[in-house]
Protein chains: 2
Amino acid sequence: MKRQNIDHTQLLVLSLLAGEDMYGYQMIVELARRSDHTFEMKEGTLYPVLHGLERQGMVEAYEQEAPTGRQRKYYHLTRKGGAFLQEEAAAWQKYAGAVSAVLRCSPGLV
Amino acid sequence: MKRQNIDHTQLLVLSLLAGEDMYGYQMIVELARRSDHTFEMKEGTLYPVLHGLERQGMVEAYEQEAPTGRQRKYYHLTRKGGAFLQEEAAAWQKYAGAVSAVLRCSPGLV
DNA sequence: TGACATACCTAGAATCACTAGGTATATTAT
DNA sequence: ATAATATACCTAGTGATTCTAGGTATGTCA
(Lines give C-alpha, C1' and ligand atoms only; values in the text may rest on other atoms or scores of the structure.)
Protein backbone atom coordinates (compact mmCIF):
# COMPACT_ATOMS: atom_id res chain seq x y z
CA MET A 1 0.00 0.00 0.00
CA LYS A 2 0.99 3.59 -0.27
CA ARG A 3 2.49 4.59 3.08
CA GLN A 4 1.83 1.22 4.65
CA ASN A 5 5.31 1.46 6.01
CA ILE A 6 4.90 3.60 9.06
CA ASP A 7 7.72 2.51 11.29
CA HIS A 8 5.84 2.38 14.56
CA THR A 9 8.87 1.78 16.71
CA GLN A 10 10.63 4.75 15.19
CA LEU A 11 7.61 6.99 15.67
CA LEU A 12 7.14 6.00 19.29
CA VAL A 13 10.84 6.33 20.12
CA LEU A 14 11.09 9.77 18.54
CA SER A 15 7.98 10.95 20.35
CA LEU A 16 9.45 9.84 23.66
CA LEU A 17 12.59 11.85 22.97
CA ALA A 18 10.55 14.92 22.06
CA GLY A 19 9.82 15.42 25.75
CA GLU A 20 13.27 14.78 27.21
CA ASP A 21 16.51 12.93 26.64
CA MET A 22 16.22 9.28 27.59
CA TYR A 23 18.30 6.12 27.68
CA GLY A 24 17.17 2.88 26.11
CA TYR A 25 15.98 0.98 29.12
CA GLN A 26 14.07 4.05 30.30
CA MET A 27 12.28 4.27 26.94
CA ILE A 28 11.01 0.73 27.28
CA VAL A 29 9.68 1.41 30.77
CA GLU A 30 8.21 4.79 29.83
CA LEU A 31 6.56 3.45 26.70
CA ALA A 32 4.89 0.68 28.69
CA ARG A 33 3.70 3.19 31.29
CA ARG A 34 2.38 5.75 28.80
CA SER A 35 0.55 3.11 26.77
CA ASP A 36 -0.95 1.37 29.79
CA HIS A 37 1.24 -1.65 28.91
CA THR A 38 -0.14 -2.01 25.42
CA PHE A 39 3.42 -1.61 24.19
CA GLU A 40 6.10 -3.75 25.72
CA MET A 41 8.95 -3.05 23.40
CA LYS A 42 11.68 -5.65 23.22
CA GLU A 43 15.32 -4.66 23.55
CA GLY A 44 16.03 -6.53 20.35
CA THR A 45 13.63 -4.15 18.64
CA LEU A 46 14.66 -0.91 20.31
CA TYR A 47 18.44 -0.88 20.16
CA PRO A 48 18.81 -1.50 16.42
CA VAL A 49 16.24 1.25 15.79
CA LEU A 50 18.15 3.68 18.03
CA HIS A 51 21.38 2.92 16.20
CA GLY A 52 19.64 3.47 12.88
CA LEU A 53 18.21 6.80 14.01
CA GLU A 54 21.64 7.87 15.18
CA ARG A 55 23.20 6.90 11.85
CA GLN A 56 20.57 9.02 10.09
CA GLY A 57 21.25 12.02 12.31
CA MET A 58 17.81 11.95 13.91
CA VAL A 59 19.20 11.47 17.40
CA GLU A 60 22.55 12.03 19.13
CA ALA A 61 23.90 9.80 21.85
CA TYR A 62 26.00 10.69 24.87
CA GLU A 63 27.14 8.74 27.89
CA GLN A 64 26.26 9.84 31.38
CA GLU A 65 26.81 8.28 34.75
CA ALA A 66 23.71 7.51 36.78
CA PRO A 67 23.51 8.40 40.49
CA THR A 68 23.93 4.69 41.14
CA GLY A 69 27.29 4.79 39.41
CA ARG A 70 26.11 2.92 36.35
CA GLN A 71 26.86 4.16 32.86
CA ARG A 72 23.86 5.11 30.75
CA LYS A 73 23.64 6.04 27.09
CA TYR A 74 21.27 8.93 26.62
CA TYR A 75 19.70 9.91 23.31
CA HIS A 76 18.84 13.46 22.32
CA LEU A 77 16.47 14.44 19.50
CA THR A 78 18.20 16.61 16.89
CA ARG A 79 16.47 19.36 14.95
CA LYS A 80 16.37 17.05 11.95
CA GLY A 81 14.85 14.34 14.11
CA GLY A 82 12.21 16.73 15.38
CA ALA A 83 11.17 17.63 11.85
CA PHE A 84 11.08 13.98 10.90
CA LEU A 85 8.95 13.23 13.93
CA GLN A 86 6.44 15.85 12.84
CA GLU A 87 6.16 14.15 9.46
CA GLU A 88 5.83 10.69 10.93
CA ALA A 89 3.22 11.80 13.45
CA ALA A 90 1.20 13.41 10.66
CA ALA A 91 1.51 10.23 8.58
CA TRP A 92 0.28 8.22 11.54
CA GLN A 93 -2.75 10.47 11.99
CA LYS A 94 -3.60 10.08 8.33
CA TYR A 95 -3.11 6.35 8.44
CA ALA A 96 -5.11 5.82 11.63
CA GLY A 97 -7.87 8.06 10.32
CA ALA A 98 -8.08 6.01 7.14
CA VAL A 99 -8.36 2.73 9.03
CA SER A 100 -11.10 4.21 11.19
CA ALA A 101 -12.91 5.44 8.09
CA VAL A 102 -12.82 1.97 6.54
CA LEU A 103 -13.96 0.27 9.74
CA ARG A 104 -16.81 2.73 10.13
CA CYS A 105 -18.14 1.58 6.75
CA SER A 106 -18.95 -1.77 8.35
CA PRO A 107 -21.49 -1.37 11.15
CA GLY A 108 -20.81 -3.03 14.48
CA LEU A 109 -17.04 -2.58 14.41
CA VAL A 110 -16.64 0.86 15.88
CA MET B 1 5.97 -5.71 21.44
CA LYS B 2 2.88 -7.29 22.81
CA ARG B 3 0.27 -7.25 20.05
CA GLN B 4 2.50 -5.30 17.71
CA ASN B 5 1.47 -7.73 15.05
CA ILE B 6 -1.84 -6.42 13.89
CA ASP B 7 -2.12 -7.64 10.34
CA HIS B 8 -3.49 -4.49 8.77
CA THR B 9 -4.24 -6.03 5.41
CA GLN B 10 -6.17 -8.83 7.05
CA LEU B 11 -8.17 -6.43 9.20
CA LEU B 12 -9.08 -4.18 6.30
CA VAL B 13 -10.02 -7.09 4.03
CA LEU B 14 -12.21 -8.69 6.68
CA SER B 15 -13.94 -5.40 7.40
CA LEU B 16 -14.72 -4.96 3.71
CA LEU B 17 -16.33 -8.40 3.61
CA ALA B 18 -18.38 -7.63 6.71
CA GLY B 19 -20.60 -5.44 4.56
CA GLU B 20 -21.03 -7.64 1.48
CA ASP B 21 -19.34 -10.37 -0.52
CA MET B 22 -16.65 -8.97 -2.76
CA TYR B 23 -14.10 -10.13 -5.31
CA GLY B 24 -10.44 -9.23 -5.10
CA TYR B 25 -10.23 -6.46 -7.62
CA GLN B 26 -13.33 -4.85 -6.14
CA MET B 27 -11.74 -4.86 -2.69
CA ILE B 28 -8.76 -2.90 -3.95
CA VAL B 29 -11.00 -0.30 -5.57
CA GLU B 30 -13.35 -0.09 -2.59
CA LEU B 31 -10.53 0.18 -0.08
CA ALA B 32 -9.02 3.07 -2.01
CA ARG B 33 -12.39 4.79 -2.18
CA ARG B 34 -13.28 4.32 1.48
CA SER B 35 -9.85 5.49 2.67
CA ASP B 36 -9.77 8.52 0.36
CA HIS B 37 -6.87 6.81 -1.46
CA THR B 38 -4.71 6.49 1.63
CA PHE B 39 -4.69 2.76 0.97
CA GLU B 40 -3.77 1.55 -2.47
CA MET B 41 -3.42 -2.14 -1.81
CA LYS B 42 -1.29 -4.09 -4.25
CA GLU B 43 -2.52 -7.30 -5.82
CA GLY B 44 0.65 -8.99 -4.67
CA THR B 45 -0.41 -8.14 -1.12
CA LEU B 46 -4.10 -8.91 -1.36
CA TYR B 47 -4.31 -12.27 -3.07
CA PRO B 48 -1.95 -14.17 -0.78
CA VAL B 49 -3.85 -12.75 2.21
CA LEU B 50 -7.18 -13.87 0.76
CA HIS B 51 -5.83 -17.38 0.18
CA GLY B 52 -4.54 -17.46 3.73
CA LEU B 53 -7.88 -16.35 5.16
CA GLU B 54 -9.61 -19.04 3.10
CA ARG B 55 -7.21 -21.69 4.36
CA GLN B 56 -7.99 -20.63 7.93
CA GLY B 57 -11.74 -20.79 7.33
CA MET B 58 -12.25 -17.05 7.80
CA VAL B 59 -13.67 -16.59 4.32
CA GLU B 60 -15.23 -18.83 1.68
CA ALA B 61 -14.74 -18.36 -2.04
CA TYR B 62 -17.16 -18.99 -4.89
CA GLU B 63 -17.05 -18.25 -8.57
CA GLN B 64 -19.69 -16.12 -10.21
CA GLU B 65 -20.06 -14.77 -13.69
CA ALA B 66 -20.21 -10.99 -14.04
CA PRO B 67 -22.84 -9.32 -16.27
CA THR B 68 -19.97 -8.65 -18.66
CA GLY B 69 -19.40 -12.38 -19.01
CA ARG B 70 -16.18 -12.38 -17.01
CA GLN B 71 -15.55 -14.85 -14.22
CA ARG B 72 -15.14 -13.38 -10.78
CA LYS B 73 -14.08 -15.01 -7.52
CA TYR B 74 -16.19 -13.73 -4.67
CA TYR B 75 -15.30 -14.04 -1.01
CA HIS B 76 -17.78 -14.45 1.78
CA LEU B 77 -17.09 -13.85 5.47
CA THR B 78 -17.77 -16.96 7.56
CA ARG B 79 -19.08 -16.87 11.11
CA LYS B 80 -15.58 -17.70 12.32
CA GLY B 81 -14.21 -14.87 10.21
CA GLY B 82 -16.76 -12.48 11.67
CA ALA B 83 -15.73 -13.34 15.20
CA PHE B 84 -12.07 -12.98 14.27
CA LEU B 85 -12.80 -9.60 12.72
CA GLN B 86 -14.37 -8.41 15.95
CA GLU B 87 -11.21 -9.38 17.82
CA GLU B 88 -8.91 -7.74 15.30
CA ALA B 89 -10.96 -4.56 15.22
CA ALA B 90 -10.87 -4.37 19.02
CA ALA B 91 -7.11 -4.95 18.95
CA TRP B 92 -6.75 -2.15 16.44
CA GLN B 93 -8.75 0.24 18.61
CA LYS B 94 -6.57 -0.59 21.57
CA TYR B 95 -3.41 -0.24 19.57
CA ALA B 96 -4.40 3.06 17.93
CA GLY B 97 -5.54 4.42 21.27
CA ALA B 98 -2.19 3.54 22.81
CA VAL B 99 -0.26 5.29 20.05
CA SER B 100 -2.41 8.37 20.50
CA ALA B 101 -1.85 8.27 24.24
CA VAL B 102 1.91 8.16 23.78
CA LEU B 103 1.90 10.94 21.20
CA ARG B 104 -0.24 13.10 23.45
CA CYS B 105 2.51 12.92 26.09
CA SER B 106 4.68 15.03 23.79
CA PRO B 107 3.14 18.43 23.15
CA GLY B 108 2.88 19.69 19.60
CA LEU B 109 2.30 16.32 17.98
CA VAL B 110 -1.45 15.98 18.25
C1' DT C 1 24.69 -15.51 47.74
C1' DG C 2 21.21 -16.09 44.70
C1' DA C 3 17.61 -13.88 42.38
C1' DC C 4 16.04 -10.04 40.21
C1' DA C 5 16.22 -5.52 38.11
C1' DT C 6 18.97 -2.52 35.48
C1' DA C 7 21.53 -1.58 31.20
C1' DC C 8 23.60 -2.42 26.88
C1' DC C 9 24.24 -5.35 22.65
C1' DT C 10 23.78 -8.74 18.24
C1' DA C 11 22.69 -12.70 15.01
C1' DG C 12 19.29 -15.12 13.00
C1' DA C 13 14.36 -16.16 12.19
C1' DA C 14 9.69 -14.93 11.30
C1' DT C 15 6.21 -12.03 9.45
C1' DC C 16 4.26 -8.74 6.36
C1' DA C 17 3.96 -6.12 2.34
C1' DC C 18 6.06 -4.98 -1.97
C1' DT C 19 8.19 -5.46 -6.63
C1' DA C 20 7.92 -7.45 -10.74
C1' DG C 21 6.65 -10.27 -13.28
C1' DG C 22 2.88 -13.74 -15.60
C1' DT C 23 -1.99 -14.95 -17.87
C1' DA C 24 -6.34 -13.64 -19.90
C1' DT C 25 -10.67 -11.02 -21.21
C1' DA C 26 -13.40 -6.66 -22.00
C1' DT C 27 -13.70 -1.92 -23.23
C1' DT C 28 -12.30 2.30 -25.34
C1' DA C 29 -9.67 5.21 -28.38
C1' DT C 30 -7.23 5.80 -32.65
C1' DA D 1 -8.93 -3.19 -37.13
C1' DT D 2 -5.85 -2.64 -33.53
C1' DA D 3 -3.57 -0.61 -29.80
C1' DA D 4 -4.02 0.90 -25.21
C1' DT D 5 -6.23 0.64 -21.03
C1' DA D 6 -9.09 -1.42 -17.48
C1' DT D 7 -10.58 -5.53 -15.47
C1' DA D 8 -9.42 -9.88 -13.07
C1' DC D 9 -6.67 -13.44 -11.27
C1' DC D 10 -2.05 -15.37 -9.78
C1' DT D 11 3.08 -16.35 -7.82
C1' DA D 12 8.14 -16.09 -6.79
C1' DG D 13 11.41 -13.55 -4.83
C1' DT D 14 12.84 -9.44 -2.13
C1' DG D 15 13.03 -6.06 1.42
C1' DA D 16 11.65 -4.10 5.72
C1' DT D 17 10.29 -4.56 10.43
C1' DT D 18 10.00 -6.92 14.64
C1' DC D 19 10.78 -10.86 17.37
C1' DT D 20 13.41 -14.68 19.59
C1' DA D 21 17.09 -15.95 21.91
C1' DG D 22 20.85 -15.49 23.20
C1' DG D 23 25.31 -12.67 25.35
C1' DT D 24 27.75 -9.31 28.84
C1' DA D 25 27.89 -6.71 33.08
C1' DT D 26 26.55 -4.03 37.34
C1' DG D 27 23.44 -2.84 41.29
C1' DT D 28 19.97 -4.13 44.84
C1' DC D 29 17.44 -6.88 47.95
C1' DA D 30 16.01 -11.05 50.47
Side-chain angles (χ1 to χ4, degrees), chain A residues 1-14 16 21-33 35 38-56 59 61-75 88 91-92 95 98-99, chain B residues 1-14 16 21-33 35 38-56 59 61-75 88 91-92 95 98-99:
Chain A
M1 305 185 196
K2 187 205 289 179
R3 194 72 239 192
Q4 171 64 21
N5 44 320
I6 293 179
D7 189 328
H8 302 101
T9 303
Q10 221 170 54
L11 170 62
L12 293 169
V13 163
L14 289 171
L16 287 171
D21 293 0
M22 286 191 192
Y23 56 96
Y25 194 82
Q26 182 184 11
M27 291 184 210
I28 290 173
V29 174
E30 264 303 299
L31 189 58
R33 194 184 65 74
S35 68
T38 297
F39 300 132
E40 291 181 347
M41 192 179 282
K42 302 298 183 287
E43 301 191 344
T45 303
L46 176 62
Y47 289 112
V49 168
L50 281 174
H51 301 158
L53 287 170
E54 191 179 10
R55 216 169 32 245
Q56 296 168 61
V59 301
Y62 58 94
E63 304 261 344
Q64 192 170 293
E65 195 172 326
T68 65
R70 299 192 59 156
Q71 209 63 17
R72 291 171 177 164
K73 196 168 169 185
Y74 281 85
Y75 289 89
E88 291 298 292
W92 161 259
Y95 178 82
V99 173
Chain B
M1 305 185 196
K2 187 205 290 177
R3 195 72 242 195
Q4 171 65 20
N5 44 320
I6 294 180
D7 189 328
H8 302 100
T9 304
Q10 220 170 55
L11 170 63
L12 293 169
V13 163
L14 289 170
L16 287 172
D21 293 0
M22 287 192 191
Y23 55 97
Y25 195 82
Q26 181 186 11
M27 291 183 210
I28 291 173
V29 174
E30 264 303 298
L31 188 59
R33 194 184 66 73
S35 69
T38 298
F39 300 133
E40 291 181 349
M41 192 178 281
K42 302 298 183 287
E43 301 190 345
T45 303
L46 176 62
Y47 289 111
V49 168
L50 281 173
H51 301 159
L53 287 170
E54 191 180 9
R55 215 171 29 247
Q56 295 168 60
V59 301
Y62 58 95
E63 304 261 344
Q64 192 170 292
E65 194 172 328
T68 65
R70 299 192 56 155
Q71 209 62 19
R72 289 170 177 164
K73 196 166 168 185
Y74 281 83
Y75 288 89
E88 292 298 291
W92 161 258
Y95 179 83
V99 173

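Every heavy atom of this structure was used, including side-chain atoms; hydrogens, water molecules and symmetry mates were not.
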Hey, do the aromatic rings of Y95(B) and H8(A) have their centres closer than 6.0 Å?
yes

Round to a whole Å and report the spacing from CD of Q56(B) to P of dT15(C).
12 Å

Going by ring pair (Phe, Tyr, Trp, His ring centres under 6.0 Å), name the residues that satisfy it together with Y47(A), two or more places apart in sequence or in a different chain.
none

Please identify each residue that fulfils side-chain hydrogen bond (donor to acceptor under 3.5 Å, both in side chains) with E30(A), with sequence neighbours left out.
R33(A), R34(A)

Between the protein and nucleotides 9-11 of chain D, which nitrogen or oxygen pairs are less than 3.5 angstrom apart?
from, atom 1, to, atom 2, distance (Å)
dC9(D), OP1, K73(B), N, 2.9
dC9(D), OP1, K73(B), O, 3.4
dC9(D), OP2, G24(B), N, 3.3
dC9(D), OP2, Y25(B), N, 2.7
dC9(D), OP2, Y47(B), OH, 3.1
dC9(D), N4, E43(B), OE1, 2.4
dC10(D), OP1, K73(B), NZ, 2.8
dC10(D), OP2, H51(B), NE2, 3.2
dC10(D), N4, E43(B), OE1, 3.0
dT11(D), OP2, H51(B), ND1, 3.2

Could I get the full list of salt bridge (charged side-chain N to carboxylate O under 4.0 Å, His left out) partners for R70(B), not counting sequence neighbours?
none

Whole-Å distance separating the CG atom of D7(B) from the C1' atom of dT17(D):
13 Å

Student check: side-chain heavy atoms of V13(B) and Y75(B) closer than 4.5 Å:
no

How long is the line joining NE2 of H8(A) and C1' of dT15(C), in whole Å?
14 Å

Starting at atom NZ of K42(B), determine the distance to atom C1' of dA17(C), rounded to an integer number of angstrom.
10 Å

Give the rounded distance in Å between these two atoms: CD of E30(A) and C1' of dA7(C).
16 Å

When you measure from the side chain of T45(A) to the backbone of M41(A), do you find a donor-acceptor pair of N or O atoms at a distance under 3.5 Å?
no

T9(B) side chain near dC16(C) phosphate (N/O to OP1/OP2, under 4.0 Å):
no

For Y74(A), the ring pair (Phe, Tyr, Trp, His ring centres under 6.0 Å) test, sequence neighbours excluded, returns Y23(A), Y62(A)

Between P on dT6(C) and CE on M41(A), what's the gap in Å once rounded to a whole number?
17 Å

Nucleotide dA8(D), atom P - distance to OH of Y62(B) in whole Å:
14 Å

What protein N or O atoms touch nucleotides 28-30 of chain D N or O atoms at under 3.5 angstrom, if any, and at what distances?
none

Nearest whole Å is fine: how far is dA5(C) C1' from R70(A) CZ?
9 Å

Who pairs with A32(B) by side chain to side chain contact (heavy atoms under 4.5 Å, CB included), at least two apart in sequence or on another chain?
H37(B)

Applying side chain to side chain contact (heavy atoms under 4.5 Å, CB included), can you list everything that pairs with E65(B), at least two apart in sequence or on another chain?
Q71(B)

